[in-house]
Amino acid sequence: MLFSSVIFLFYFLPLVLGLYYILRFSITAKNMLLLVASLFFYAWGEPWFVLIMLASICFNYIFALLVDKFRERRNAAYTIITLMLIVNLGMLFVFKYMAFALRIVNENTSFGLNIPNIALPLGISFFTFHGISYVIDVYRGHGAVQKNLFYVALYISFFPQLVAGPILRYNTIADQMVNRKESWDKFALGCCRFIVGLGKKVLLSNSMAIVADHIFSMGGTSDIPASLAWLGAIAYTLQIYFDFSGYSDMAIGLALMFGFKFEENFRYPYISRSITEFWRRWHISLGTWFKEYVYFPLGGSRVTNKDKMIRNLLIVWGLTGVWHGAEWTFVVWGLINFAFIALEKISNFDKGTRFNPLRHLYAMFIVVIGWVIFRSPDLIQAGNYLGNMFGLYGNGFWSETTWMFLKEYALFFILGILFCMPIATRMNKLMVDGARFSKPLELVYPVTIIVLFLVCVSYLVKGTYNPFIYFNF
């Protein structure tokens, strides 16, 4: 079940919200409702996969109890942590990477191994990372162990963050699970945030997806002009941003409706002036996860020499690439990010303040090239597409198809580029702080949100293109 689906918007969410506020007299009853609703949400369309998530919840609950009990016995604690990692990462490997690994073996040997067709459980990377961080945080003393399985289950399965994040640390919501308070302000803010996210997803991301999918389907065969290839790359750059940040907005908005507060996951990454800054603004919870549980334990940047820092960055970005999907394109995309971040750290590029427009162009150029590789089904098609972008196949620069897409989707490109910048944030600030405009904006803002919701619903009811970008995750 997706947030941007009719079944979620008009059946699941109203029912859960209605029951939730009927039960507002009891925090236990509200939490039980949220757990049941979350399991139902996950089981919708994939009923057997909920057993995998339940297994993940149970063994991480047990590992956390064990590591808490034996934390003073270092060898025993390390053994438990090691077993926990083997179980979690082993499960992730079986469902997400085994077919890829067997394919590599077959391509490089004559073994001819049978490659099983294993379906990928939705959100497995997210709930696996939640489980790992919970056990490690308990061991580090960054939060008390939870002795009630019910709360661990609610933390891992809570439906607003289950499918596409953000990745929450247990200690950030542990207290909220037992002490949160709902309010009208929170609910109204949550509704507005959810609708803004829905608009990003349904209007901008889905429209850009039509352009990107159409052009990428042609661009892998090295026969499209450069302008069309660049248009497809820019369309995908906008699609993935509005898709992912839209889902994060919807998750944050849903959490607020239920009285929870999630951390921000995106801070306008396309205004960055370096790749390092880009990753401080993009998918913040994933970057924080790798920093806290991989980069810092390796020594981070505070190591005795830069060789070790480069090694640490290579490990982190190799894993980040693989986390996004089981294909060489993701590995290469991760290594490209590693290479530029390493160069920026060695040269202190990220600390510079001069030539900001040129720095921004540099960052966006690398980001767009990276997204082309990320989006392509394999490295051969990625190479063909990049060749088209730089005119390596003599296909010319302009075409009628480029003009057709520009005419048809000009409004969405303009809005997409505008809303990549913090315009909405500044408008909100103007409304709150600017006494001169506060009265008119107080009227305009809710009307705009209502109209935005109605337009989104009209798109969904018409059954417009609504791809799901998180299957690889």
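Only a predicted model underlies this, so the values are computations on that prediction, with no experimental measurement involved.
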What is the minimum heavy-atom distance between Ser274 and Ala363, and which atoms define it?
N-CB, 3.7 Å
Sub-4.5 Å side-chain heavy-atom contact between Val457 and Phe10
yes
Considering residues, nucleotides and ligands other than Met404, do more than 12 of their heavy atoms fall under 6.0 Å from its CE?
yes
Give, for atom CD1 of Ile156 and atom CG of Leu168, the distance between the pair rounded to the nearest 0.5 Å.
11.0 Å
With Tyr270, which residues qualify under side-chain hydrogen bond (donor to acceptor under 3.5 Å, both in side chains), at least two apart?
Trp371
Only residue of Tyr42, Phe260, Tyr151, Phe41 satisfying ring-ring contact (aromatic ring centres under 6.0 Å, His included) with Phe158 is Phe260
Is the closest side-chain heavy-atom distance between Ile210 and His214 below 4.5 Å?
no
Using a 3.5 Å cut-off and no angle test, enumerate the donor-acceptor pairs between side-chain atoms of residues 191-205 and protein atoms at least two apart in sequence or in another chain.
| from | atom 1 | to | atom 2 | distance (Å) |
| --- | --- | --- | --- | --- |
| Arg193 | NE | Asp249 | OD1 | 2.9 |
| Arg193 | NH1 | Glu264 | OE2 | 3.1 |
| Arg193 | NH2 | Asp249 | OD1 | 2.8 |
| Arg193 | NH2 | Glu264 | OE1 | 2.8 |
| Arg193 | NH2 | Glu264 | OE2 | 3.4 |
| Lys200 | NZ | Ser245 | OG | 3.4 |
| Lys200 | NZ | Asp249 | OD2 | 2.7 |
| Lys201 | NZ | Asn206 | OD1 | 3.1 |
| Lys201 | NZ | Asp243 | OD2 | 2.7 |
| Lys201 | NZ | Pro467 | O | 2.7 |
| Ser205 | OG | Gln239 | O | 3.1 |
| Ser205 | OG | Asp243 | OD2 | 3.2 |

Closest contact, heavy atoms only, Ala144 versus Val138
O-CG2, 4.5 Å
Verify whether the ring centers belonging to Phe12 and Phe159 lie closer than 6.0 Å.
yes
Under the side-chain hydrogen bond (donor to acceptor under 3.5 Å, both in side chains) test, which residues partner Asn337, sequence neighbours left out?
Trp279
Indicate the ring-plane relationship of Tyr247 and Phe3, choosing parallel, tilted or perpendicular according to the 30° and 60° boundaries.
tilted
Does Gln146 use its side chain to pair, donor to acceptor, with the backbone of Asn148 at less than 3.5 Å?
yes
Above 12 or not: heavy atoms from other molecules or residues under 6.0 Å from CH2 of Trp403?
no
Are the side chains of Val316 and Phe338 in touch, meaning some heavy atoms are under 4.5 Å apart?
no
Partner set under side-chain hydrogen bond (donor to acceptor under 3.5 Å, both in side chains) for Tyr409, not counting sequence neighbours:
none
Is the Tyr134 to Tyr61 ring centre distance short of 6.0 Å?
no
Going by side-chain contact (heavy atoms from CB on, under 4.5 Å), Trp282 matches just one of Asn265, Ile240, Val367. Which one?
Ile240
Short side-chain to backbone donor-acceptor contact, Tyr385 and Ala229, under 3.5 Å
yes
Return the set of residues passing salt bridge (Lys or Arg N to Asp or Glu O under 4.0 Å) with Asp213 (not counting sequence neighbours), or none when no residue passes.
Arg375
Quick check: closest heavy atoms across Pro269 and Phe278, and the distance to 0.1 Å?
O-CD1, 3.5 Å
Within this structure, what is the CE-OG1 distance for the pair Met91 and Thr128, rounded to the nearest 0.5 Å?
3.5 Å
Trace of the side chain to side chain donor-acceptor pair (under 3.5 Å) decision for Asn60 with Tyr170
CA-CA 12 Å; Asn60 282 306; Tyr170 177 73; over 6 Å; no
Partners meeting salt bridge (Lys or Arg N to Asp or Glu O under 4.0 Å) with Arg280 (sequence neighbours left out)
Asp350
Considering only residues two or more places apart or on different chains, which pairs with a residue in residues 14-25 satisfy salt bridge (charged side-chain N to carboxylate O under 4.0 Å, His left out)?
none
Would you tell me whether Ser285 and Thr288 have side-chain atoms, one donor and one acceptor, within less than 3.5 Å of each other?
no
Could you go step by step and tell me if Ser157 and Ser38 meet the side chain to side chain donor-acceptor pair (under 3.5 Å) rule?
CA-CA 6 Å; Ser157 69; Ser38 297; 4.5 Å; no
What pairs of residues pass the side chain to side chain donor-acceptor pair (under 3.5 Å) test when at least one of them lies in residues 446-462, not counting sequence neighbours?
none
Mind running salt bridge (Lys or Arg N to Asp or Glu O under 4.0 Å) on Arg267 and Glu277 for me, showing each step along the way?
CA-CA 10 Å; Arg267 286 198 178 95; Glu277 182 184 358; over 6 Å; no
More than 12 non-hydrogen atoms from neighbouring residues, nucleotides or ligands closer than 6.0 Å to CH2 on Trp44, yes or no?
no
Looking at residues at least two apart in the chain, or sitting in another chain, which of them share a side chain to side chain contact (heavy atoms under 4.5 Å, CB included) with Ala43?
Val50
Interatomic spacing from CG in Asn171 to NE2 in His142 - rounded to 0.5 Å:
8.0 Å
Does a side-chain heavy-atom distance below 4.5 Å link Leu102 with Pro116?
yes
With side chains defined as the heavy atoms from C-beta onward, is the minimum distance between Ile369 and Phe365 less than 4.5 Å?
yes
Asp185 meets the side-chain hydrogen bond (donor to acceptor under 3.5 Å, both in side chains) criterion, sequence neighbours left out, with none
Which residues pass the salt bridge (Lys or Arg N to Asp or Glu O under 4.0 Å) test with Glu408, sequence neighbours left out?
none
How long is the straight-line distance from CG of Leu460 back to OG of Ser5, given to the nearest 0.5 Å?
8.0 Å
Which residue pairs pass the salt bridge (charged side-chain N to carboxylate O under 4.0 Å, His left out) test when at least one of the two sits in residues 27-42, sequence neighbours left out?
Lys30-Glu182
Heavy-atom check, side chain of Phe59 versus side chain of Val135, under 4.5 Å
no
Measuring only between side-chain heavy atoms, which start at C-beta, is His360 closer than 4.5 Å to Ser272?
no
Do Leu286 and His324 have side-chain heavy atoms sitting under 4.5 Å apart?
yes
Can you tell me if Phe413 has over 12 outside heavy atoms packed within less than 6.0 Å of its CZ?
yes
Any luck finding a side-chain donor-acceptor pair between Arg169 and Tyr155 under 3.5 Å?
no
Do the side chain of Ser376 and the main chain of Leu379 share a donor and acceptor less than 3.5 angstrom apart?
no
Heavy-atom count check: over 12 atoms from other residues, nucleotides or ligands less than 6.0 Å from Tyr11 OH?
no
Check for me whether the distance between the ring centres of Phe330 and Phe374 falls short of 6.0 Å.
yes
In this structure, which one of Phe129, Trp323, Trp317, Tyr295 forms a ring-ring contact (aromatic ring centres under 6.0 Å, His included) with Phe290?
Phe129
Are Phe244 and Phe266, when compared by the centres of their aromatic rings, separated by less than 6.0 Å?
yes
